[in-house]
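The structure's right below; bear with me while I get my questions together.
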Amino acid sequence: MALIWRKQMSVGNTLIDDEHRYLICLINTIELAIRTDDAHDILATTLEQLVEYTQIHFDTEEQIQLKIKYPGLEEHKKEHKKIMQDLHEVKKKLDKILSTKKSTNSTAAVPQKDITDSEIEQLLEDDPDTQLDESDLTPLIKLMRRWIIEHVLGTDMKMKPYLANHHSLFS
Ligand SMILES: [Fe+2]
Ligand SMILES: [Fe+2]
């Protein structure tokens, strides 16, 4: 199901909110591409955009936090760094799956399934040399989505009271 940005997700800064909207849009595009036959070129490109744009967005937030002297800056930066490391790791795995799919010329849509906590742990503990098949694609995307959304709704939201005093900044 497509994610929709809602008012409750607002951190009270137009620039950050707009960037969150765009991140959600990229995630929705990726999820749609997975379910669409012959859309794997779009999938690879959008995934790359997601990783790049997440970094751009994290830089924006850190600059704003610096400017408003946000007390949680260092902690927040650490979380951004960890998410980027994990995203790069997952992207590597996804690229491997996509190249395998391309070489076997498979156009079958990947079935949707919910990811469980044990699957997440398993994915994070994966040996990089482990063989992956196309059924791994959906859980990996859901993992990316979960990291980003949980960060927006949890950690980013802590900025809200501090941003309230700087309405016009970067807006
Ligand atoms: Fe954010
Ligand atoms: Fe953030």
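We count ligands from 1, going down the list as the structure has it; atoms in each ligand are counted the same way.
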Check residues 18-27 and write down every donor-acceptor pair under 3.5 Å in which the side-chain atom is one partner and the other belongs to a residue at least two apart or another chain.
unit_1	atom_1	unit_2	atom_2	d
Asp18	OD1	Arg21	NH1	2.8
Glu19	OE1	His57	ND1	2.7
Glu19	OE1	Thr60	OG1	3.2
Glu19	OE2	Thr60	OG1	3.1
His20	NE2	His57	NE2	3.0
His20	NE2	Glu61	OE2	3.3
His20	NE2	Asp156	OD2	2.9

Going by atom types alone, do Gln55 and Asp59 pair a side-chain donor with an acceptor below 3.5 Å?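 Gln55 vs Asp59: donor-acceptor pair found between side chains.
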If you leave out waters, which protein N, O or S atoms are less than 2.8 Å from the Fe ion (ligand 2)?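 Near the Fe ion (ligand 2), below 2.8 Å, one finds Glu61 OE1, His76 NE2, His80 NE2, His151 NE2, Asp156 OD1.
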Quick one: closest heavy-atom pair of Lys91 and Met144, and the distance?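 Answer, listing the atom of Lys91 first, then Met144: N-CE, 4.0 Å.
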Using every non-hydrogen atom in the two residues, find where Asp17 and Val11 come nearest and quote the distance to one decimal.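 For Asp17 and Val11, the tightest heavy-atom pair comes out as OD1-N, 3.0 Å.
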Give a yes or no answer on whether the side chain of Lys160 reaches the backbone of Ser10 with a donor-acceptor pair at less than 3.5 Å.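 Checked: pair present.
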Please evaluate residues Glu75 and Lys78 with respect to the criterion salt bridge (Lys or Arg N to Asp or Glu O under 4.0 Å), reporting the C-alpha separation (whole Å), side-chain torsions for both, the decisive distance (0.1 Å), and the verdict. CA-CA 5 Å; Glu75 273 308 299; Lys78 269 186 213 162; 3.4 Å; yes
